[in-house]
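Scroll down for the structure; my scribbles are underneath it.
Below, each value reflects all heavy atoms present in this structure, side chains not excepted, and no hydrogens, waters or symmetry copies.
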Amino acid sequence: MADQDQLAFQERLDRISRLFTDIVGHAEVSSRTRCPYRDRHDRCTALFRCRNQIVADAERDLLTCGHDGTFDYRTAWESHPRARQRAMEKISAIKEEATSRRREQAGEESQA
């Protein structure tokens, strides 16, 4: 590829990267307050019970999402909070073990 073509290609990649960075950033912020089962019409699409569900139309079995985005929705459907704590502790232990293994591998590779 000619230098000019490579430069134009890199500029396009940079532009796409900036666009996706903005999209991902917005999605990350939104994911902290907006329930993933809430659609654009505020209907609840979850196939399980959640304490934030409000019956909008009993005949059509239509539910709406009742949370207002001011709390962490992720605990709304947890029936066993202690199980969540154990899972979080296990995830932390796995992350620490993986980090330790990577450090050991990096040390072995640098000595080789």
Side-chain angles (χ1 to χ4, degrees):
M1 224 192 287
D3 287 340
Q4 195 171 28
D5 290 341
Q6 284 181 332
L7 183 61
F9 179 70
Q10 186 60 50
E11 286 175 2
R12 288 187 199 111
L13 284 178
D14 292 343
R15 182 171 182 257
I16 290 171
S17 179
R18 284 191 305 274
L19 288 171
F20 280 114
T21 299
D22 291 344
I23 291 169
V24 169
H26 177 72
E28 185 176 338
V29 169
S30 177
S31 73
R32 293 184 195 136
T33 58
R34 187 170 178 84
C35 177
Y37 298 99
R38 184 179 189 167
D39 73 6
R40 66 188 178 103
H41 300 291
D42 294 330
R43 290 185 298 237
C44 181
T45 62
L47 299 177
F48 52 86
R49 262 318 269 155
C50 171
R51 68 174 170 231
N52 298 313
Q53 291 173 336
I54 299 171
V55 177
D57 186 345
E59 286 182 17
R60 296 189 303 163
D61 199 29
L62 185 64
L63 300 172
T64 59
C65 187
H67 90 80
D68 60 4
T70 60
F71 65 93
D72 186 356
Y73 67 86
R74 293 170 291 187
T75 59
W77 53 81
E78 289 175 8
S79 57
H80 302 288
R82 284 187 225 136
R84 179 181 184 273
Q85 182 61 33
R86 283 193 306 269
M88 296 304 290
E89 289 168 0
K90 192 171 186 175
I91 289 168
S92 293
I94 290 170
K95 284 181 179 180
E96 288 174 18
E97 184 180 326
T99 301
S100 176
R101 250 193 333 260
R102 282 193 295 273
R103 284 185 187 137
E104 288 174 8
Q105 287 175 345
E108 290 173 4
E109 290 174 4
S110 66
Q111 292 175 358

If you look only at distance, which donor and acceptor atoms sit under 3.5 Å apart when one is on a side chain in residues 40-47 and the other is two or more places apart or in another chain?
unit_1	atom_1	unit_2	atom_2	d
Asp42	OD1	Arg38	NE	2.9
Asp42	OD1	Arg38	NH2	3.1
Arg43	NE	Asp39	OD2	3.1
Arg43	NH2	Asp39	OD2	3.4
Thr45	OG1	Tyr37	O	2.8

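- With a 4.5 Å cut-off between side-chain heavy atoms of Ile, Leu, Val, Met, Phe, Trp and Tyr, the cluster of Ile16 takes in Phe20, Ile23.
- Within the structure, every pair that satisfies the side-chain hydrogen bond (donor to acceptor under 3.5 Å, both in side chains) test and touches residues 13-27, not counting sequence neighbours, is listed here: Gln10-Asp14.
- For Ala56, the side chain to side chain contact (heavy atoms under 4.5 Å, CB included) partners two or more places apart in sequence, or in a different chain, are Leu62, Thr64.
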Between side-chain atoms of residues 96-104 and protein atoms elsewhere (two or more places apart, or another chain), which donor-acceptor pairs fall under 3.5 Å?
unit_1	atom_1	unit_2	atom_2	d
Glu97	OE2	Arg101	NH1	3.0
Thr99	OG1	Lys95	O	2.9
Thr99	OG1	Arg102	NH2	3.4

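- Through side-chain heavy atoms spaced under 4.5 Å, either directly or across other Ile, Leu, Val, Met, Phe, Trp or Tyr residues, Leu19 is tied to no other residue.
- Listed by chain and residue number, Gln85 satisfy the side-chain hydrogen bond (donor to acceptor under 3.5 Å, both in side chains) test with Glu89 (two or more places apart in sequence, or in another chain).
- Connectivity analysis of hydrophobic side chains (ILVMFWY, heavy atoms under 4.5 Å, direct or indirect) links Val55 to Leu63.
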